[in-house]
Student: 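Here it is, the structure in full.
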2 protein chains.
Amino acid sequence: MNEAVPPRTPEAVEPKTLVEGAYQRLRRDIIEGVHPPGEKLRVEHLKDRYEVGAGTLREALLLLVTDALVVAQGQRGFRVSPISIEDFEDITRTRLLLETEALRQSLQLGGEDWEAAIVAAFHRLSRAEQKLGDNDSLAAEEWERRNRAFHEALIAASPSRWIRHFQHILYQQSERYRRLSLFSHPIPRDIHAEHQALFNACLARDTTRATSILTEHVLRTLDAVKLLPAEFFAGKRKS
Amino acid sequence: MNEAVPPRTPEAVEPKTLVEGAYQRLRRDIIEGVHPPGEKLRVEHLKDRYEVGAGTLREALLLLVTDALVVAQGQRGFRVSPISIEDFEDITRTRLLLETEALRQSLQLGGEDWEAAIVAAFHRLSRAEQKLGDNDSLAAEEWERRNRAFHEALIAASPSRWIRHFQHILYQQSERYRRLSLFSHPIPRDIHAEHQALFNACLARDTTRATSILTEHVLRTLDAVKLLPAEFFAGKRKS
DNA sequence: TCTCCTATAAATCTCGAGAAAAAACCTTGA
DNA sequence: TCAAGGTTTTTTCTCGAGATTTATAGGAGA
């Protein structure tokens, strides 16, 4: 029960090179808002923070372009991708387009292994939900990881690597926004109940109900973010 | 009429850095099969061919990871992404999922500018089709460019940047496969007629017909590639 | 002949320094 | 006070060399 050991992320692949290490840490810092949207990412400053050479850090930034968390402009350096309500709406709807299709495929094709995996993922997520609420950032981090694992497990039986790839990118993007909605909770939600209903519908192989619950579930976060004050999206242009 | 001038691609952005230049040339070479699928991309060899330093070439390769044309394995270098029939089927179906949705949005939201743009794009494509068939690789190149422009113009009125972004990646991927189907034409196609029908349906704002024609149009290429001998997909593991 | 181990070769990864470009600053003039 | 022009500073981009890791080749032993 005591998980006091260093909370080394389980599913995070051990970095084999310095570039990968810097990439992983940078990605985490961007998603968590250490580097806010729109911020200029100066190589000369960041190379000290992440303890690598300039060329190495440039490569890490280039890798983050793949995730669309960083944008690069020739001869003008790197920048954290800006955010906006319009962007989050786009992310959400595109993600739903892909994720509901993948879920349909999973429900149709998923076998016993897939079922077992989502049972396990749901259990882990439920446990994390219980530990939540104490304003414990470590627990929130763990919950975020297991929430992602649950959603990815649901669509794991889809044969489409491309859908899963794009879904992964979009989910990562939406994490930046979900962080914002944690500050204020404009819409009261019983997230556990939503997950429970989704889980039940999936085990019952009820495609219509499952996709509909998933859609509602994801759109609810969109609504929550929409109610945030516009200041949250004031991505500074400078520095 | 005489286009003997160096066929500098019009819409290709002039590279501002050496990295971008190497990236563009590498991308072209990979799509055109100069570097076949699965090939190991050794920095020390390629830096001579593309006349840049080793670090610069590494950055160009990292950029190609964004397009999923190159895969990087830590401490084991870079490789051209492999191809397979399963992958192309996945690409095609995912692309249709996104592109039909974007087309629906375009048909609903597109204004006069959008209409004018697809009229122009269709005209340019038709002209390129006329010049085709002489086994002229230059004309084929031009046709490929205008075909892409036509398809992108159709969905240009979609407000979803993410769909357009993913569609761009998938289209790029499918170019590698389309090249294969050019060698042998197992299925006789009147591509111009298909484009014409698609164009007509779009101008008539007939969503159902337009998406259905587009689907048929794209699936036909999938069928053509499926009939190719399996040797085309024998992506060598070595070298 | 096959396997395992070692030695060699090759490739990748990493860093710091110099050249080129962009941004910031400061002076001058109206 | 403001604008314009030029100078300084900062930042990005680029390259080559050294260190580490991986792949290859050769040989000993069974």
Side-chain angles (χ1 to χ4, degrees), chain A residues 12-27 29-30 34-66 69-82 235-239, chain B residues 12-27 29-30 34-66 69-82 235-239:
Chain A
V13 182
E14 198 63 23
K16 298 240 177 308
T17 67
L18 288 184
V19 173
E20 285 177 38
Y23 161 70
Q24 289 182 7
R25 291 203 287 154
L26 258 167
R27 182 180 56 186
D29 285 347
I30 290 176
V34 176
H35 303 299
E39 182 183 83
K40 190 85 169 49
L41 294 167
R42 292 185 186 82
V43 175
E44 290 301 317
H45 296 181
L46 268 50
K47 77 192 192 72
D48 300 327
R49 189 187 210 289
Y50 295 95
E51 300 166 298
V52 292
T56 303
L57 189 73
R58 278 183 62 85
E59 293 195 8
L61 288 170
L62 251 7
L63 274 181
L64 283 163
V65 173
T66 302
L69 290 170
V70 163
V71 290
Q73 314 176 61
Q75 217 69 277
R76 296 181 64 178
F78 300 90
R79 215 170 252 289
V80 179
S81 298
K236 308 155 197 155
R237 283 281 156 267
K238 297 264 177 172
S239 180
Chain B
V13 182
E14 198 63 23
K16 298 239 176 313
T17 66
L18 289 184
V19 173
E20 284 177 38
Y23 161 71
Q24 288 182 8
R25 291 204 288 152
L26 259 166
R27 182 179 56 187
D29 285 347
I30 289 176
V34 176
H35 304 298
E39 183 183 83
K40 190 85 170 51
L41 294 167
R42 291 185 185 81
V43 175
E44 291 300 318
H45 297 183
L46 267 51
K47 79 191 192 73
D48 300 327
R49 190 188 210 286
Y50 295 94
E51 300 165 299
V52 292
T56 303
L57 190 71
R58 277 183 64 84
E59 293 195 6
L61 288 171
L62 251 8
L63 275 181
L64 283 162
V65 173
T66 302
L69 290 169
V70 163
V71 289
Q73 315 176 59
Q75 217 67 279
R76 295 182 64 181
F78 300 90
R79 213 170 254 288
V80 179
S81 298
K236 307 157 197 154
R237 282 283 157 265
K238 297 267 177 171
S239 181

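Order of the sequence lines fixes the chain letters, A, B, ..., with proteins taken first and strands second; residue numbering starts at 1 for each chain.
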Student: Under the criterion side chain to side chain contact (heavy atoms under 4.5 Å, CB included), I'd like the reasoning laid out for B/L26 against B/L57: C-alpha separation, chi angles, the key distance, then a yes or no.
Tutor: CA-CA 10 Å; B/L26 259 166; B/L57 190 71; 3.8 Å; yes
Student: Is B/E39 salt-bridged to B/R79, going by a charged N under 4.0 Å from an acidic O?
Tutor: no
Student: Who are the side chain to side chain donor-acceptor pair (under 3.5 Å) partners of B/T17, not counting sequence neighbours?
Tutor: none
Student: Just by protein heavy atoms under 4.0 Å, how would nucleotides 11-18 of chain D read 5' to 3' in B, S and -?
Tutor: SBSBS---
Student: Please identify which of these residues, B/V71, B/L64, B/L62, meets the side chain to side chain contact (heavy atoms under 4.5 Å, CB included) condition with B/F78.
Tutor: B/L62
Student: Does any N or O in the side chain of B/R25 come within less than 3.5 Å of the main-chain N or O of B/Y50, such that one atom is a donor and the other an acceptor?
Tutor: yes
